[in-house]
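Below is one structure, written out as C-alpha cells; comments come after it.
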Amino acid sequence: MTGVDMGAGAERKLVTAVRQALSQGPMPQEDLLAALRQAGVRTDSSGLYIACTTHGLADLRGHIWEPRGWAAPAAGTGTAPPQPSPPAPPGNRRAAAEIRRLASSIGIPMDEPTPPVGPVPAAWPRIAEQATRALHEELRAVTDRRTLQDVPVSGGVVVAETTSRKLMRFEAEGDLGVSEGAQATLVVDGTPIDVEVVSVFGNVMTLSVPPGATVPEEAVLRCDLSWLLSSQSKRLRELTNGGPGFNAEAAATLLTTGRAAVPDDLPAVTAAHLNHGQRYAVQLALTPGVTWLWGPPGTGKTTTIGTLVAELCVRGLRVLLTAPTNAAVDIAVKSVLKEIPELAGGGLVRLGQPSDTDLVGRADGHVLIDEIAAKRGAILAQRRVQEGQEIRDLRLRLKALQRRHANLTDADQEERLTLERGLAEATVTIRELDEALHQVRRQVCREAEVVAATSHQVVLRTLRELTFDVVILDEASMTTAALAMLVAGAGSGHTIVAGDFRQLPPVVVADTPSAQEWLLKSPFEKAAVDLAVGGRTTPGRLAALTEQYRMRSDINHVVSEAFYPESPLITGPKVSTRPRPSRADWADGELVLLDTSQLGARTARKQGMSSRYNLMHAQLIAGLVTGADDGVTSLGVISPFAAQAGLLGSLLPEAEQKGWAASTVHRFQGGERDIVVYDTVDTGRGVRPLHRWFTEGESGGTGARLLNVAASRARDHLVVVAALDQLHRQRTATDAVRRFFAQLVERGRILTADEALHNASVTCG
C-alpha cells in the first residue's frame, strides 16, 4: 500500500502509527518502516514520505525521520551528551580555512562565543513543559487536517526586487489558511520554487522568491501549515531548563500583571507631538520591568512606539522590535525611521521580507538585512556566485558524459572522476560560503541598535541566542502567550507589551485546555490584564491610550460605549474638521444601519464547511458599491465569515479602485478605510441558530472583538448590513454586541434595502 492509493481510514491509521512510532524521537527510515509493519500498517518509503510531508509529521534528514517540533532534550535532563562530529576530510578543511580567511578579512567571526545561560526561575521548567504540550496539541490538530495545502494562484506581478530576493504579488483562487512568514513552494509548470509568504490581504498575497525566478501567469502555491508551530515547539523544548542567550526569568515574568509599583520619578520626555497619555506611556516604558501598553484603534500606538524606540536608542539601549505580521513590523519600522532617520544604513535592521515596498532599496540608507548583508559580505557573495556557476558547468559536462555512458573510454572515465571530484569540492565550498553568509547576517544584527522582525523569526537561526536590552512586542493581542515568552526571553526583562486585548486574539485550531490556555490567549489574557481592567483594578504598569484620531465622533461613540466602557475613547479635536475624500449617497451619515429584516434573506454554507454566506446580502452590497462613482476612493467591505468575504470580493466591480478591498475581519485588522461596509451575514433564517458571535457577545469574547475590529476600521462612514430583528434582541447589560447595536440604532440612520437600492440607482437581481 502506498500513500497515493489509500482510503481515508487507512491514511488515518498510517498517520496514527507514524506519530506513535516517532513519539520518542528520530528514527532511521528502515526502522520506522519495520515499526509500522509491527503495528499492522503496511506501506513503502514512498507512501511514508507522502504521509509525513502531507500531514507535517516529520522531516527526512538524510536517512533519519525527525518528528516535527522535536528537539534534543535540554541540558540537565540526564541524557547522554551528543557525540562529537568526526573530523572533516582534508578537502573540507581546506575549503573551511579559505572561507574563514575571506570572512575574517571583512570582520566576520566564524566562531561565535556561546552566550551565558540566563536566569532560570524554579517555575520555568513547568511553564515551558505546559506551553510545549499546547504547541504539540496544536501541531497534532493541524496535521490531522493535513498540513499541505495547494492553492492555485494567478496574475503574477513583480512589485519590488533586491539583489537577493524578488517580491511577487498573486491573486489566490481559494481560501488561504497560511500565516505570514511561512515557508512554501511555488510550483510553476511542475518546477518547485522555495518561497516565503510575505503578506496576505484577502485573496491577494505577496511572496518572496529567488531573484532569477520567472514571473508566471498561473502557478500553484503549496503551503506547509505546520512549519511555524514546529519551529516554536522545537525551540521551547530546547529551553525547558534554560539555554544560552535565553532569559527564562524575563519570559516567565511576562505571565504576571506587572504588579510592581510605578517609579516615583519617571524619566523626562519632551516630545511635543505626543499627547499626555502617549507621553506617559513612553515615560513608563523607559523604566525596567514589564510595561503593558493598551492602544485601542486610532490612538497613536505606533507613533508612541516610534518615539519610545528613539528614546531608548538615545540612552544607548539595544532594542528588539517585533510584531506578528510583516505589515505590522513595516509600520513600526517606518515610525522609528521617522523619529531617527539616521538609523537607516545599519543602525536599524529589518529581518525578513517587507510587505511595504517603500522599504526596499531606500535611497537614504538600507534597512533590509538582505541589502545590508549583501553589501557587507560582497566578497563572499561574489565567491558564492562563482562557485554556483562552477557547479552548473561541471554538471553540464557530466551530463554530456552520461548521455554516452555505454561507450566511455578510459580517458572519459578519468575525466568523469575529475569532474565528480571537482563537483564534490565545489559543493563543500558552497556549504562553507552559505555558513559564512549566515554569519554576516548575524553580525549585522549584533551591530544594529534596533532589530525589527516578526515574532516567529526570534526562534529561527538568524536571531537565535542574540540578546537585547529591551524587547517590544507590538500587536501582542494577536501573539500567543507561548510565542510571546520566547520573544521576551531574548531580553533582559525590560519588556513592552503593546496592543489591544479587545481586538482579535490569535487563531487556534486545537480545542484542548492547554491550547486554549497557551495559544488562544495572548500575553494580555495570560497575565490577566484584561480581567484586571474589566474589574476596574488597573495594573500599575499599564498605560492606556484614550485619545483617538481615526474615527469620527459618532463612530467613536458606539465603539467606545460598546467595547471600552472602562477606559472611554475621546475623539481628537482635528478629526471633526478633516476633509471627507470619499462620498456616496448610501453613506450619507457617519453611521448607517442597512436593515435587511424584511428581505427574508437566508444564510447558507457550502457542504462540509462551517463558514457561512448570504447571497442576498452579497447582491445588495454589490449593488451599492457598483453604483459608487469615483467619489469613493477608499472602501472596505468586511465580513466575519471567509465564505462571504470571498463572495463579496468576486462581486466587486472588475475595475475597482486601488483603495477598495473585500476581506475577512481577521485580514483587515490593522487597516482602515474612509468607508467601511460590514456584512454580519447571519439573519436567523436558513442556517440556524445564529452564530455564537451574535448570541454570546460578552465583552472580550470573540463576537465582540470581531465587531470591534470591523467597526473601528472606519474613518468617516460605517455602514452595517444586518437583520435588525435578529441581532438587536435584548440581552444582558454586559453584552458588548447588544450595546453596540443599541447605540447604532440610537445614533445612526436606519436604511431599508429598498431605500438603499433606490439611492444607488440599481435593482437587486
Side-chain angles (χ1 to χ4, degrees), residues 53 59 148 150-172 178-200 204-224 227-228 326 349-357 359-361 366-396 423 426-427 429-441 444 453-454 456-457 460-462:
T53 54
D59 297 304
L148 280 185
D150 283 1
V151 179
V153 297
S154 60
V157 60
V158 176
V159 293
E161 194 165 359
T162 68
T163 55
S164 60
R165 302 296 286 176
K166 184 186 295 183
L167 295 184
M168 288 187 190
R169 193 160 290 159
F170 293 90
E171 184 173 342
V178 65
S179 302
E180 290 186 2
Q183 304 299 300
T185 302
L186 189 68
V187 183
V188 182
D189 294 329
T191 302
I193 302 170
D194 290 334
V195 300
E196 178 184 329
V197 179
V198 174
S199 67
V200 179
V204 177
M205 71 178 74
T206 302
L207 305 177
S208 170
V209 303
T214 58
V215 184
E217 176 59 32
E218 295 182 345
V220 171
L221 184 69
R222 183 161 296 155
C223 309
D224 184 348
W227 179 76
L228 294 179
N326 280 302
V349 175
R350 198 310 194 186
L351 265 70
Q353 301 300 321
S355 59
D356 189 335
T357 56
L359 295 177
V360 178
H366 296 314
V367 296
L368 302 185
I369 191 169
D370 286 346
E371 295 176 343
I372 299 172
K375 183 177 180 180
R376 179 73 184 273
I379 188 172
L380 295 166
Q382 290 167 4
R383 180 65 184 278
R384 177 67 169 78
V385 171
Q386 293 169 1
E387 291 295 330
Q389 184 60 53
E390 176 70 12
I391 285 178
R392 286 190 291 272
D393 292 343
L394 290 169
R395 284 176 175 162
L396 286 174
L423 189 59
T427 301
T429 304
I430 284 282
R431 190 180 306 121
E432 294 292 338
L433 283 165
D434 286 343
E435 178 60 27
L437 288 168
H438 167 70
Q439 292 300 331
V440 171
R441 295 167 63 88
V444 167
T454 52
H456 77 268
Q457 286 171 320
L460 304 181
R461 195 174 173 219
T462 300

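Judged purely by distance below 3.5 Å, without hydrogens or angles, the side chains of Gln386 and Gln382 never pair a donor atom with an acceptor atom.
Remark: Gln389 pairs with Arg392, Asp393 by the side-chain contact (heavy atoms from CB on, under 4.5 Å) rule, at least two apart or across chains. For Thr191, the side-chain hydrogen bond (donor to acceptor under 3.5 Å, both in side chains) test picks out no residue, with sequence neighbours left out. Considering only residues two or more places apart in sequence or on other chains, Leu351 meets the side-chain contact (heavy atoms from CB on, under 4.5 Å) condition with Val349, Ile369, Cys445, Val451, Ala453, Gln457, Thr462, Leu463.
Minimum interatomic distance between Pro192 and Thr185 (heavy atoms only, all atoms of both residues): CB-CG2, 3.5 Å. Residue Ile430 comes nearest to Ile391 through the heavy atom pair CG1-CD1, 3.6 Å, listed as atom of the first residue, atom of the second, then distance. Heavy atoms only, all atoms of each residue included: Met168 and Ala213 are closest at CE-O, 3.8 Å. Taking both residues in full, the closest heavy atoms of Thr357 and Val159 are given as CG2-O, 3.8 Å, listed atom of the first, atom of the second, then distance. Heavy-atom minimum distance, Leu167 versus Pro354: CD1-O, 3.5 Å. Scanning all heavy atoms of the two residues, the minimum distance from Val157 to Val215 falls at N-CG1, 4.0 Å.
At distances below 3.5 Å, not a single donor-acceptor pair connects side-chain atoms of Lys166 with backbone N or O atoms of Val158. Although no hydrogens or angles enter the test, the distance criterion places no donor-acceptor pair under 3.5 Å between the side chain of Glu371 and the main chain of Val360.
Summarising the geometry, atom NE2 belonging to His438 is positioned 3.5 Å from atom CZ belonging to Arg461; distances are rounded to the nearest 0.5 Å. To the nearest 0.5 angstrom, Asp194 atom CG is 11.0 Å from Ser208 atom OG.
Residues Thr206 and Ser355 fail the side-chain proximity criterion, which asks for heavy atoms closer than 4.5 Å. With a 4.5 Å cut-off on side-chain heavy atoms, Arg441 and Asp370 count as touching. Between Arg350 and Asn326 there is a side-chain heavy-atom pair separated by less than 4.5 Å. At least one side-chain heavy atom of Arg395 sits under 4.5 Å from a side-chain heavy atom of Leu423. Residues Glu387 and Arg384 are not in side-chain contact: their nearest non-hydrogen atoms beyond the backbone lie 4.5 Å or more apart.
Looking at Ile193, Val153, Val197 one by one, the single match for side-chain contact (heavy atoms from CB on, under 4.5 Å) with Leu207 turns out to be Val197.
Environment of CG in Asp434: crowded, with over 12 heavy atoms of neighbouring residues, nucleotides or ligands closer than 6.0 Å.
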For Glu390 and Leu394, what are the C-alpha separation, side-chain angles and deciding distance, and is it a side-chain contact (heavy atoms from CB on, under 4.5 Å)? CA-CA 6 Å; Glu390 176 70 12; Leu394 290 169; 3.8 Å; yes
